[in-house]
Amino acid sequence: DVSIEIGEDAFCLWLPQETIAFDASALDRKTTVTLGQGARFLGVETLVLGRQAMNETLSGIDLTDKRQIYDIAGTPIHAEHIQLSPNTLSRRTEKAGLADNTVFATLVYLAEDAEDRIDAVRHRLGSTCVASAWGNRLVVRADGDDSWTIRKHLIPIIEYLGIGRIPRVWQT
């Protein structure tokens with residue numbers, strides 16, 4: 001469980017390295033973010049299904065990944081729930097399923113200016129990314145078969161949304 005509390009008018013950048021799932025792995029993760037008045041949040045979560053360099057193909061997995069974001073009063077602002085199982089993996093070639101992709105990333109930006117930034121974000125999108133904005137949130141989704149390519153698509157967006165230079169760990 002990860003719990004992040006962002007103080008009034010503060011900015012939180014949540015950029016963990018990719019989570020790599022291996023065959024027969026299990027993960028039950030819950031990330032909860034609470035935003036103070038006027039706070040901003042920029043978070044990216046990336047899931048990699050096996051290591052491409054090792055030619056791994058997953059057939060069994062038990063993964064639950066919940067992300068919930070609330071305002072200071074406890075009102076839900078954003079939520080995601082990802083669940084992968086052997087049944088999911090058996091349909092991995094279907095468009096409505098994983099579409100044969102092995103890397104999935106979600107960027108969430110929560111701030112009063114989120115909707116105002118959508119055009120500039122779309123201008124920076126890579127070919128495997130889509131973006132939408134509503135309310136005080138902007139969401140970018142990216143998928144593909146290589147985590148470095150996904151990361152390269154997201155870096156210009158992360159830099160634009162408020163941090164200037166990306167942390168060194170994301171540059172290598």
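Please read all numbers here as calculations on a predicted model, not as lab measurements. For reference, positions follow the sequence shown, starting with 1.
Between D65 atom CG and H81 atom NE2 the span is 8.5 Å, to the nearest 0.5 Å. To the nearest 0.5 Å, the span separating OG1 on T88 from CD1 on I82 amounts to 11.0 Å. Within the model, atoms CG of L13 and CD1 of I158 stand 7.0 Å from one another, a figure rounded to the nearest 0.5 Å. Note that OG1 of T19 is 6.0 Å distant from CD of E45, once rounded to the nearest 0.5 Å. We find the CD1-OG distance between I20 and S25 to be 10.5 Å, quoted to the nearest 0.5 Å.
Here the closest heavy-atom approach between residue L154 and residue V44 is recorded as CD1-CG1, 3.9 Å. Scanning all heavy atoms of the two residues, the minimum distance from G60 to L89 falls at N-CD1, 3.8 Å. Across D145 and N101, no two heavy atoms sit closer than the pair N-OD1, 4.5 Å. Nearest heavy-atom pair across A39 and G7 is CB-O, 3.4 Å. Residues E115 and G135 approach most closely at OE1-O, 2.9 Å, considering heavy atoms.
With sequence neighbours excluded, the residues forming a side-chain contact (heavy atoms from CB on, under 4.5 Å) with T34 are E5, I72, listed by chain and number. Legend: residues meeting salt bridge (Lys or Arg N to Asp or Glu O under 4.0 Å) with R40, ordered by chain and number and at least two apart, are absent. Listed by chain and residue number, N87 satisfy the side-chain contact (heavy atoms from CB on, under 4.5 Å) test with S90 (two or more places apart in sequence, or in another chain). In this structure, the side-chain contact (heavy atoms from CB on, under 4.5 Å) partners of A73, at least two apart in sequence or on a different chain, are D71, T75.
With a 4.5 Å cut-off on side-chain heavy atoms, D146 and V103 do not count as touching. Residues I4 and C12 form a side-chain contact, since some pair of their non-hydrogen atoms from C-beta on lies under 4.5 Å apart. Annotation: side chain of R117 is in contact with side chain of L138 (closest heavy-atom distance under 4.5 Å). Counting heavy atoms from C-beta on, the side chains of L107 and L42 come closer than 4.5 Å. A heavy-atom distance below 4.5 Å is not found between the side chains of F22 and I61. No side-chain heavy atom of T106 sits under 4.5 Å from any side-chain heavy atom of F104. Residues V33 and Y70 have side chains not in contact (no heavy-atom distance under 4.5 Å, counting atoms from C-beta outward). When side chains are defined from C-beta on, F41 counts as touching I6, because their heavy atoms get closer than 4.5 Å.
Following chains of ILVMFWY side-chain contacts shorter than 4.5 Å, one can reach L161 starting from I155, so the two form part of one hydrophobic cluster. A single hydrophobic cluster is seen to contain both L47 and L27, as judged by linkage of ILVMFWY side chains at heavy-atom distances under 4.5 Å, directly or through other members. I69 and V2 fall within a single hydrophobic cluster, where Ile, Leu, Val, Met, Phe, Trp and Tyr are joined by side-chain heavy atoms under 4.5 Å apart, directly or via other members. Each of I118 and I77 belongs to its own hydrophobic cluster when Ile, Leu, Val, Met, Phe, Trp and Tyr are linked at side-chain heavy-atom distances under 4.5 angstrom. Criterion: ILVMFWY side-chain heavy atoms under 4.5 Å apart, direct or through other members. Under it, I166 and Y109 are part of a common hydrophobic cluster.
No more than 12 heavy-atom neighbours from other residues, nucleotides or ligands sit within 6.0 angstrom of CD on Q37.
Residue pairs that meet the salt bridge (charged side-chain N to carboxylate O under 4.0 Å, His left out) test with at least one member in residues 74-87, sequence neighbours left out, are R67-E80, E80-R141.
Of the charged side-chain nitrogens involved, none lies within less than 4.0 Å of a carboxylate oxygen, so that D1 and K30 do not count as a salt-bridged pair.
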Verdict with supporting geometry, H78 and V108, side chain to side chain contact (heavy atoms under 4.5 Å, CB included): CA-CA 9 Å; H78 184 80; V108 176; 3.7 Å; yes
Which donor-acceptor pairs under 3.5 Å do the side chains of residues 120-128 make with protein atoms, sequence neighbours left out?
from: R122; atom 1: NE; to: A131; atom 2: O; distance (Å): 3.4
from: R122; atom 1: NH2; to: A131; atom 2: O; distance (Å): 3.0
from: R124; atom 1: NH1; to: A120; atom 2: O; distance (Å): 3.0
from: T128; atom 1: OG1; to: D143; atom 2: O; distance (Å): 3.3

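Donor-acceptor pairing under 3.5 Å is lacking for the side chains of R137 and S132.
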